[in-house]
Number of protein chains: 2
Amino acid sequence: MAPFERELSALRAHLKRSRLKQTAQRETVLKAFLEGPRYATMDELVASVQKRDRKLGFSTIYRSLKLFVECGLAKEHHFLYGKTCFEHSGQGRPHDYLVCKNCGKVEEFSSPLVQAVQEKVSREMDFKLQEHRLELYGICSSCQGPKETRPEED
Amino acid sequence: MAPFERELSALRAHLKRSRLKQTAQRETVLKAFLEGPRYATMDELVASVQKRDRKLGFSTIYRSLKLFVECGLAKEHHFLYGKTCFEHSGQGRPHDYLVCKNCGKVEEFSSPLVQAVQEKVSREMDFKLQEHRLELYGICSSCQGPKETRPEED
DNA sequence: CTTCATGCAAATAGTTTGCATTCTT
DNA sequence: AAGAATGCAAACTATTTGCATGAAG
């Protein structure tokens, strides 16, 4: 199976469903997004998209990512305020995050306890829960090691 | 005891400690902040500060709030992406939030389970935890009622 | 009298939008 | 041919900064 076949089909299906158009640009953006790291900021995305097509403008990239979010191929985050980042969003992935404040690396986790907290709180406070955000910030294990082995700081 | 005496002293102490200056503006901003609701966005703060002093500019307000955050009198949030909001931050307050997506109201809670999740995850993933953010989004109880009783939507 | 803060305007950052042109269907 | 997408520049929002003037230590 060709790379990203599944995601391309998902995109095409979404476009057809919404009576939108299938364009080369949208597929270029999707491929650049998917072949990059699981988490990428807008500027990183712009850079890698433009490596494939210099003329592809940033508005198209913004608009495409919004589309990907709509059809579940991407998930938008604001871990560091002011810098949107997009995650490759698969089906059964965890929805909770550890963010390293030293190197910026994001790790995912999920814990049954989180589910329990949500249920308890929303029941007690009579709140109809729709979504949640759980982000733990700190220093990841590789950044805790001796200075020599740390990823570069910025 | 005069209103906000405790907070004014905390601010003055912080200023002295950092060899910064005690100014009328800073105290005006602090009073306007504290006499308002527990959560306020920047524009709301600007409005209520300028009710007390028309000439007090928004850069001073931004700079003051940053100061309050530094000395623990305020806590910065980004519940709705793109709209910073500041909380009156007391000592023993909970650190977890329920945000109503209909009326924007924020309720606080804390659960021992959250603590447990943090400990478990940071131990398992060898992560040195510094802070966390837990936000539950949904519809609060008053917004679930019959249409007539709902707070205005925007 | 030195250092810091203020107030204003301009700069910046990130993102969105308007519109003429071009591509899909 | 009709409707939608692109690419560009301009608009926008939220925030930060530079700098001359004024106030605090």
Side-chain angles (χ1 to χ4, degrees), chain A residues 8 11-33 39-47 49-71 74 76-86 104 154, chain B residues 8 11-33 39-47 49-71 74 76-86 104 154:
Chain A
L8 282 167
L11 174 60
R12 293 186 188 124
H14 175 71
L15 293 173
K16 178 156 283 182
R17 223 180 303 122
S18 315
R19 247 152 274 137
L20 299 176
K21 285 168 181 169
Q22 185 176 325
T23 66
Q25 288 92 334
R26 282 168 177 171
E27 306 211 338
T28 301
V29 176
L30 182 57
K31 285 178 204 154
F33 170 58
Y39 293 89
T41 57
M42 225 20 239
D43 16 322
E44 292 166 342
L45 285 171
V46 170
V49 165
Q50 295 192 337
K51 221 174 288 171
R52 289 168 163 265
D53 179 350
R54 307 207 96 275
K55 316 292 315 232
L56 219 161
F58 65 96
S59 359
T60 301
I61 304 177
Y62 272 99
R63 293 188 268 229
S64 301
L65 266 297
K66 188 170 292 180
L67 223 43
F68 304 163
V69 170
E70 278 167 27
C71 63
E76 187 173 338
H77 292 286
H78 303 277
F79 293 130
L80 358 123
Y81 171 67
K83 287 226 146 249
T84 301
C85 101
F86 293 92
D154 48 39
Chain B
L8 281 167
L11 173 60
R12 293 188 186 122
H14 175 71
L15 293 173
K16 179 156 282 179
R17 223 179 304 122
S18 315
R19 245 150 276 139
L20 301 176
K21 284 166 181 170
Q22 184 176 326
T23 67
Q25 287 91 332
R26 282 167 177 172
E27 307 210 338
T28 300
V29 176
L30 182 57
K31 285 178 204 155
F33 171 58
Y39 293 90
T41 57
M42 224 23 236
D43 13 324
E44 293 166 343
L45 285 172
V46 169
V49 166
Q50 294 191 337
K51 220 173 288 172
R52 289 168 163 265
D53 179 351
R54 305 206 99 275
K55 317 290 318 228
L56 218 162
F58 66 94
S59 359
T60 301
I61 303 177
Y62 272 100
R63 292 187 268 229
S64 300
L65 265 296
K66 188 169 290 177
L67 222 45
F68 304 163
V69 169
E70 278 168 27
C71 62
E76 187 172 337
H77 292 284
H78 303 278
F79 294 129
L80 358 122
Y81 170 68
K83 287 232 146 244
T84 302
C85 100
F86 293 92
D154 50 38

Aromatic plane relationship, A:F79 with A:H77 - under 30° parallel, 30 to 60° tilted, over 60° perpendicular: parallel
Contacts of type ring pair (Phe, Tyr, Trp, His ring centres under 6.0 Å), residue A:Y81, not counting sequence neighbours: B:H78
Outermost nucleotides of DNA chain D that come under 4.0 Å of a non-hydrogen atom of chain B: D:dA14 to D:dG25
Contact check, side chains of B:K31 and B:L8, non-hydrogen atoms, under 4.5 Å: yes
Beyond-backbone contact of B:M42 with B:T84, side-chain heavy atoms, under 4.5 angstrom: no
Side chain to side chain donor-acceptor pair (under 3.5 Å): pairs with one or both residues in residues 11-22 of chain A, sequence neighbours excluded: A:R12-A:E27, A:H14-A:R17, A:H14-A:E70
Minimum heavy-atom distance A:S64-A:R26, with the two atoms named: OG-CG, 4.0 Å
Could you list the protein-to-nucleotides 10-13 of chain C atom pairs, N/O on both sides, closer than 3.5 Å?
none

CD1-CZ distance between B:I61 and B:F68, expressed to the nearest 0.5 angstrom: 10.0 Å
Footprint string (nucleotides 20-25 of chain C, 5' to 3'): B base within contact, S backbone only, - free, heavy atoms under 4.0 Å: ----BS
B:T23 and B:L15, any side-chain heavy atoms less than 4.5 Å apart: no
B:V29 side chain reached by B:L67 side chain, heavy atoms, under 4.5 Å: no
Euclidean distance, atom CD of residue B:Q50 to atom P of C:dT6 [Å, nearest integer]: 14 Å
Nearest-0.5 Å distance that lies between atom SG in B:C71 and atom CG in B:L20: 10.5 Å
Atom pair distance, as rounded to whole Å: CZ in B:R17 and P in C:dC4: 17 Å
Rounded (10°) bend between the five-pair end axes of the helix from C:dC1-D:dG25 to C:dT25-D:dA1: 30°
Any B:R63 side-chain N or O less than 4.0 Å from OP1/OP2 of C:dG7: no
Contact summary for A:T41 and A:E44, nearest pair of heavy atoms: N-OE1, 2.8 Å
Position toward the 5' end of DNA chain C (nearest nucleotide), B:L15 or A:Y62: B:L15
Length of the CD-P vector between B:E27 and C:dA5, whole Å: 14 Å
Non-hydrogen side-chain atoms of B:D43 and B:K83 separated by less than 4.5 Å: yes
Atom pair distance, as rounded to whole Å: CG in B:D53 and P in C:dA5: 18 Å
Distance (rounded to the nearest 0.5 Å) between A:T60 OG1 and A:L65 CG: 11.5 Å
